[in-house]
Amino acid sequence: MLASRLLPRTAVRPLPWQQQSSVCKSLASSVSERCSRGFASASEEKDLVIIGGGVAGYVAAIKAGQEGMKVACIEKRGTLGGTCLNVGCIPSKSLLNNSHLYHQILHDTKNRGIEVGDVKLNLANFMKAKDTAVGGLTKGVEFLLKRNGVEYIKGAGSFINENDIKVELNDGGETTVRGKNIVIATGSEATPFPGLEIDEKRVVSSTGAIALEKIPETMIVIGGGIIGLEMASVWSRLGTKVTVVEFLGQIGGPGMDAEIAKATQKLLKKQGLDFKLNTKVVSGDKSGEKVKLEVDAAKGGKAESLDADVVLVAIGRRPYTQGLGLENIGMELDERGRVIIDSEYRTKIPHIRCVGDVTFGPMLAHKAEEEAVAVVEYIKKGYGHVNYGCIPSVMYTYPEVAWVGQNEQELKNQKIPYRVGTFPFSANSRAKTNLDTDGMVKMLADPETDRLLGVHIIGPNAGEMIAEGTLALEYGASTEDIARTCHAHPTLAEAFKEAAMATSAQAIHF
């Protein structure tokens, strides 16, 4: 079956030896040049060719290299790491951390007995710190590929047929790479808002939002999910008046527990963010000095006009398949533009597989990373594993919000019985000494078996603490198991233990 997919051989008439010598010299020179530039030879077949050098792609490449496979990784951005390392998770966390420090120095030092003089923000250096972090990490990934014998090809890859990939090289020209196995890992892009063109200056996606050259006086964020709220937090801390417009009745997206979402909104509003929930953006106009939006109540109601210096479109992301040449191999996409795969990440063509944002599941870097390892294991060993019920989510606002497993509304909708236990950080010793007591830990468990069903945290260090909940969920722990596990004192993690005690029996310190 595989042999039938190979390109047919064409008859070649032998050349006179003089011409052969000339051709060979020319060919040798060409091959030498391509090898020195790190390009793949068209005649060399790889065990695995990966299209996309984002988190899914580069992790798969490293894992395959560790397994002794001959690997090529094609990436057109010019740097590895994809959206996450270059314009997403990593740079946004730099801005979130440093804007929080700035905001804390301005508003939260007197209570701690620290007198601070004139505080100024240097936006250029603020952005430079972000770029330094990004540069160091992307270079580190490139080093890891090299160390594991992966050929990194800078260019845009597209299918010629089921085994051959044409690469339009960033430095000019093109090459062809042939693979026994191919993994599509092209990721996702920001979903545009109909009728409002993104120029990354006044109407921005998350990419533009991390690179504004001046602090806007006003900003409207369309979309109250994780990306929108994180960027809203950054610019609000730096002095921008931010309004978040959300179509749904809660912030954080459907994955966030409703009780936690309500508490989060209350805290963010206290920090200066305005919210318009159950509100639909009807149209936008950026022809004037300010960007204007027409909005109305999502369920019908009074229309309203809003305007701002900058509008951030954060209504989600969509799979990126543009220019892949999927039509050349008859590849199927679903109604959301995602590549259709089976449980082993195989497409309709068994040796072509797909992982990450470009296929099903939550668009999270760590989900993509797990799939990248699993897909290589399937190719090499015939088995792999990702537990989609144990993929944590984190929103890096302040305080942080994190969750794993099922939330309360999901359990209600599925008519699954559950028991709830909560513990506030206001009763936690470490949180009190840190003067950082907003939030709580919430646990959901089966009322008969006490097996953990979900963990939801809003509070300091929630993004780190959720790892304990993910591990407990992965191993099928009961809340009593967690409650009987000794936690160091005084730590924020004791709130996790106390929430488990409140779920299985009764908390001690509340």
Side-chain angles (χ1 to χ4, degrees), residues 88 92-93 95-96 99-100 103 190-194 196 198 200 202-210 212 215-286 290-299 301-317 363 393-403 438-439 458:
S92 66
K93 300 313 163 282
L95 299 185
L96 281 158
S99 64
H100 172 60
H103 191 265
T191 302
F193 187 85
L196 194 60
I198 291 174
E200 300 298 13
R202 300 173 68 214
V203 179
V204 300
S205 68
S206 56
T207 300
I210 63 167
L212 295 178
I215 300 170
E217 288 185 19
T218 54
M219 175 184 282
I220 295 172
V221 178
I222 306 175
I226 291 176
I227 294 173
L229 293 176
E230 288 184 350
M231 288 297 96
S233 293
V234 168
W235 292 106
S236 174
R237 293 168 189 167
L238 300 185
T240 302
K241 182 62 179 172
V242 181
T243 301
V244 179
V245 179
E246 170 55 50
F247 182 79
L248 299 177
Q250 73 164 57
I251 63 170
M256 189 182 288
D257 185 86
E259 183 181 8
I260 298 293
K262 195 172 181 180
T264 303
Q265 183 182 341
K266 187 177 179 181
L267 290 170
L268 292 178
K269 190 169 183 178
K270 191 176 173 183
Q271 293 171 21
L273 273 66
D274 284 339
F275 292 91
K276 290 185 177 293
L277 304 186
N278 294 305
T279 301
K280 178 182 179 181
V281 177
V282 178
S283 63
D285 179 12
K286 61 175 185 177
K290 290 183 178 286
V291 183
K292 290 188 176 182
L293 300 180
E294 299 298 324
V295 305
D296 63 20
K299 297 178 181 177
K302 186 179 178 182
E304 187 180 357
S305 293
L306 304 174
D307 61 57
D309 298 312
V310 174
V311 169
L312 165 60
V313 178
I315 57 175
R317 298 183 65 81
M363 291 183 173
S393 293
V394 183
M395 184 168 78
Y396 296 87
T397 50
Y398 185 81
E400 292 179 352
V401 185
W403 64 93
D438 287 330
I458 173 174

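By the 4.5 Å heavy-atom criterion applied to side chains, W235 and L212 are counted as neighbours. Two residues are said to be in side-chain contact when any heavy atoms from C-beta on lie closer than 4.5 Å; I210 and L95 meet this criterion. Using a 4.5 Å heavy-atom threshold, the side chains of W403 and I260 count as separate. No side-chain heavy atom of K262 sits under 4.5 Å from any side-chain heavy atom of Q250. Looking only at side-chain heavy atoms (C-beta outward), I198 and T207 stay at 4.5 Å or farther from each other. Side-chain contact between Q271 and T397 is absent, with no heavy-atom pair separated by less than 4.5 Å. Contact annotation: the side chain of R317 approaches that of I227 to within less than 4.5 Å [non-hydrogen atoms, C-beta and beyond]. Contact check for M231 versus M219: no side-chain heavy atoms found under the 4.5 Å cut-off.
Taking OG from S236 and CG from L273, the interatomic distance works out to 4.5 Å, rounded to the nearest 0.5 Å. We find the CD1-OG1 distance between I222 and T191 to be 12.5 Å, quoted to the nearest 0.5 Å. Atoms CG and OG1, on D438 and T264 in that order, are 10.5 Å from each other to the nearest 0.5 Å. We find the CE-CG distance between M395 and L96 to be 10.0 Å, quoted to the nearest 0.5 Å. Taking OG of S233 as the reference point, atom OH of Y398 lies at 12.0 Å (rounded to 0.5 Å). Here CG of D307 is found 16.0 Å from NZ of K286. Values are rounded to the nearest 0.5 Å.
Heavy atoms only, all atoms of each residue included: E200 and S205 are closest at OE2-OG, 2.6 Å. The nearest pair of heavy atoms linking V244 to A232 is CG2-CB, 4.1 Å. G252 approaches I226 most closely through the heavy-atom pair O-CG1, 4.5 Å. Scanning both residues, P216 and V310, for their nearest heavy atoms gives CB-CG2, 3.8 Å. Residue G272 comes nearest to K241 through the heavy atom pair O-NZ, 3.6 Å, listed as atom of the first residue, atom of the second, then distance. Here the closest heavy-atom approach between residue T218 and residue A308 is recorded as OG1-CA, 3.3 Å.
In this structure, E304 contributes its side chain and V295 its backbone to no donor-acceptor pair below 3.5 Å. At distances below 3.5 Å, not a single donor-acceptor pair connects side-chain atoms of E246 with backbone N or O atoms of G249.
Heavy-atom neighbours of K280 NZ from other residues, nucleotides or ligands within 6.0 Å: at or below the threshold of 12. The number of heavy-atom neighbours closer than 6.0 Å to NZ of K292, taken from other residues, nucleotides and ligands shown, is 12 or below. The local environment of CD in E217 is sparse, with at most 12 non-hydrogen atoms from other residues, nucleotides or ligands closer than 6.0 Å.
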Quiz item: Are L229 and V401 close enough, and set up right, to give a side-chain contact (heavy atoms from CB on, under 4.5 Å), and what steps lead you there?
Solution: CA-CA 11 Å; L229 293 176; V401 185; over 6 Å; no
Self-check item: Verdict with reasoning, K290 to D309, per salt bridge (Lys or Arg N to Asp or Glu O under 4.0 Å)
Solution: CA-CA 5 Å; K290 290 183 178 286; D309 298 312; 2.8 Å; yes
Quiz item: Passes side-chain contact (heavy atoms from CB on, under 4.5 Å), Q265 versus L277? Steps please.
Solution: CA-CA 11 Å; Q265 183 182 341; L277 304 186; 3.2 Å; yes
Self-check item: Working for side-chain contact (heavy atoms from CB on, under 4.5 Å), residues F193 and V311
Solution: CA-CA 11 Å; F193 187 85; V311 169; over 6 Å; no
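Taking the charged nitrogens against the carboxylate oxygens, D274 and K269 have no contact shorter than 4.0 Å, which rules out a salt bridge.
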